[in-house]
Number of protein chains: 2
Amino acid sequence: MAKVKKAELDLSTEEKIKEAASIVFTKKGYGNARTRDIAEEAGINLALLNYYFRSKEKLFQIVMADRIDKLFGVLAPILNDASTTLEGKLEKITENYIDMLLEHPDLPIFVLSEIRNNPDQLSNRLQAPKLLKESVFVKQIAERRSDINPFHFLMNLLGMNLFPFVAKPVLQPILGNEEQYRQLMEQRKKLIPVWMKLMLDHG
Amino acid sequence: MAKVKKAELDLSTEEKIKEAASIVFTKKGYGNARTRDIAEEAGINLALLNYYFRSKEKLFQIVMADRIDKLFGVLAPILNDASTTLEGKLEKITENYIDMLLEHPDLPIFVLSEIRNNPDQLSNRLQAPKLLKESVFVKQIAERRSDINPFHFLMNLLGMNLFPFVAKPVLQPILGNEEQYRQLMEQRKKLIPVWMKLMLDHG
DNA sequence: AAAATATTTAATCAAATGATTAAATATTTT
DNA sequence: AAAATATTTAATCATTTGATTAAATATTTT
């Protein structure tokens with residue numbers, strides 16, 4: 001019990017700081033976040049943050065890696081699944097993305113703006129590009145429409161899924177209250193795959 | 001000539017600072033931008049910045065108002081034009097947006113991330129929501145498809161136009177070099193209106 | 001040209017902020 | 001329980017950074 005107790009507390013405190021850092025960084029971005037904000041959010045002393053993570057920068061790197069995983073992890077397992085059709089993938093990607101984004105609406109704008117702030121540091125370590133580029137998913141699109149660059153359809157899919165969340169602060173006043181916003185996103189889970197199929201089959 | 005010379009220099013220096021501030025703020029965001037960065041970019045002394053604009057915050061407000069105008073100004077004149085069809089508006093919005101974004105690719109991510117950082121301050125003063133909500137454009141969409149909330153199509157249009165620029169740092173490695181990226185965006189000027197019409201007419 | 005005004009600079013201030021230190025407290029091991 | 005180790009804190013440091021000041025320079029007006 002003694003060993004367990006210590007390990008529990010250890011993990012709990014470290015995890016509490018990581019969790020707080022994730023919240024504060026995601027909400028404010030690296031430059032606007034204060035280590036004191038994070039300490040307060042975690043309910044601990046400022047020195048503890050440096051005791052566990054050495055620096056703001058180190059803590060940020062850990063949070064960032066986790067956030068990037070969250071944002072692209074939704075895609076990864078689906079893209080190269082040989083057992084699903086293109087249609088199946090469109091439905092699965094859309095449903096998973098919208099479900100995830102309804103829980104983490106500020107994730108895309110955080111990751112994208114931090115990549116903008118530090119393209120060299122972050123853009124290089126993304127395995128998402130290669131993953132996307134050589135995926136079964138993109139090959140399936142290319143087979144279906146050899147006349148159009150398949151990445152156009154990828155941009156459309158990601159754009160229709162992600163943009164309403166990236167632009168949420170601007171769109172919310174147009175779209176209504178939180179519940180109405182949520183309902184629209186739920187509708188899009190059905191609609192986006194239909195629209196994607198339309199684009200792939202006609203035009 | 002004497003009067004002109006002073007006025008010229010005056011405007012030139014003030015404008016030089018504004019221009020530098022626009023560049024630095026847009027590239028780094030408010031929190032990561034240093035007033036010394038801006039002064040250096042403008043080729044002037046730090047004190048001059050405060051002499052002309054009183055504070056970083058004030059300078060930022062001026063830059064931000066200008067950037068918001070740039071981002072939404074493309075839409076405004078088209079949305080309520082009674083002399084164009086829905087199809088005509090889709091083509092015009094897409095062409096104008098992509099042309100503008102090719103010149104200012106980091107504009108959307110800057111504006112959206114700053115609105116996230118300060119929703120109360122910035123979101124309220126946007127007249128874009130009301131403009132969009134009550135536009136002829138949205139009414140024309142609603143007439144065409146009474147079965148689907150017209151804002152779905154608005155989100156699709158904006159998503160397909162803006163997202164490739166918002167996500168440029170992530171997409172660039174997939175899409176190729178700068179020139180190839182540009183060519184894809186040029187293609188989208190023709191493609192997006194076609195796709196939008198498809199979605200409006202079928203499904 | 002002299003006086004008045006506007007512009008620009010170097011030096012400096014004060015507050016914010018990331019980080020450290022040394023001591024206190026709690027936990028685990030012996 | 002005592003010793004050893006790990007955790008936590010209050011106080012403090014050093015740097016960064018937005019802002020100011022007072023003096024110098026340039027420009028405009030008289």
message: To the nearest 0.5 Å, what is the distance between OG on Ser22(A) and CD on Glu15(A)?
response: 10.0 Å
task: Could you tell me whether Phe163(B) and Phe163(A) have their ring centroids closer than 6.0 angstrom?
output: no
- prompt: Which listed nucleotide (dT17(C), dG18(D), dT8(D)) is nearest to the side chain of Tyr52(A)?
  reply: dT8(D)
message: In this structure, how many angstroms lie between the P atom of dA16(C) and the CG atom of Asn32(A), rounded?
response: 16 Å
message: For a quick test of reading the model: is some side-chain N or O of Asn50(B) closer than 4.0 Å to OP1 or OP2 of dG18(D)?
response: no
- line: With the side chain defined as heavy atoms from C-beta on, Lys56(B) is closest, among dT8(C), dA19(D), dA19(C), to dA19(D)
Gap between atoms CD and P, on Glu40(A) and dT9(D) respectively (whole Å): 14 Å
message: Rounded to whole Å, how long is the line connecting atom CG of Asn45(B) with atom C1' of dT21(D)?
response: 13 Å
- prompt: Out of dA19(C), dT8(D), dT9(D), which has the shortest distance to the side chain of Ile44(A)?
  reply: dT9(D)
query: Among dA19(C), dA10(C), dT21(C), which is the nearest nucleotide to the side chain of Ala47(A)?
result: dT21(C)
message: Check the phosphate of dG18(D) against Arg34(B), side-chain N and O only, distance under 4.0 Å to OP1 or OP2. Yes or no?
response: yes
query: Hey, is Arg144(B) close enough to Glu87(B) for a salt bridge, meaning N to O under 4.0 Å?
result: yes
- request: May I ask you to decide whether Glu103(A) forms a salt bridge with Lys70(A), counting only side-chain N to carboxylate O separations under 4.0 Å?
  value: no
Candidates dT8(C), dA19(C), dT20(C) - which lies nearest the side chain of Leu48(B): dT8(C)
query: In the strands shown, is dA23(C) matched to any nucleotide by a Watson-Crick or G-U wobble pair with both distances under 3.5 Å, and which?
result: dT8(D)
message: Tell me which nucleotide, if any, is Watson-Crick or G-U wobble paired with dA15(C) when both distances must be under 3.5 Å.
response: dT16(D)
message: Tell me whether the side-chain N/O atoms of Arg54(A) come closer than 4.0 Å to OP1 or OP2 in dT20(C).
response: yes
- prompt: Any side-chain N or O of Thr35(B) under 4.0 Å from OP1/OP2 of dG18(D)?
  reply: yes
message: So, does Thr13(A) get its side chain near the phosphate of dT7(D), meaning an N or O under 4.0 Å from OP1 or OP2?
response: no
- prompt: Is any side-chain N of the basic residue among Lys28(A) and Asp37(A) closer than 4.0 Å to the acidic one's carboxylate O?
  reply: yes
- prompt: Closest to the Arg36(A) side chain: dA19(C), dT7(D), dG18(D)?
  reply: dA19(C)
statement: Separation of dT7(D) atom P from Glu14(A) atom CD, nearest Å, is 9 Å
- prompt: Mind checking who dT29(D) pairs with, Watson-Crick or G-U wobble, both distances under 3.5 Å?
  reply: dA2(C)
message: Is Ser55(B) close enough to dG18(D) that one of its side-chain N or O atoms is under 4.0 Å from OP1 or OP2 there?
response: no
Between P of dA19(C) and CG of Asp37(A), the distance in whole Å: 14 Å
message: Tell me the interatomic distance from Tyr30(A), atom OH, to dT17(C), atom C1', rounded to whole angstroms.
response: 11 Å
- prompt: Can you check whether Tyr51(A) has a side-chain N or O nearer than 4.0 Å to OP1 or OP2 of dT7(D)?
  reply: yes
message: Could you check whether Glu178(B) pairs with Lys168(B) (Lys NZ or Arg NE/NH1/NH2 to Asp/Glu carboxylate O, under 4.0 Å)?
response: yes
field: Whole-Å distance separating the CD1 atom of Ile38(B) from the P atom of dT16(D)
entry: 18 Å
task: Report which part of the nucleic acid Leu46(B) touches: base, sugar-phosphate, or nothing (heavy-atom distance under 4.0 Å, all strands).
output: base
query: Under 4.0 angstrom, heavy atoms only, what part of the nucleic acid is Ala39(A) near: base, sugar-phosphate, or nothing?
result: nothing
- prompt: What is the distance, rounded to the nearest whole Å, between atom CD1 of Ile17(B) and atom P of dA19(D)?
  reply: 14 Å
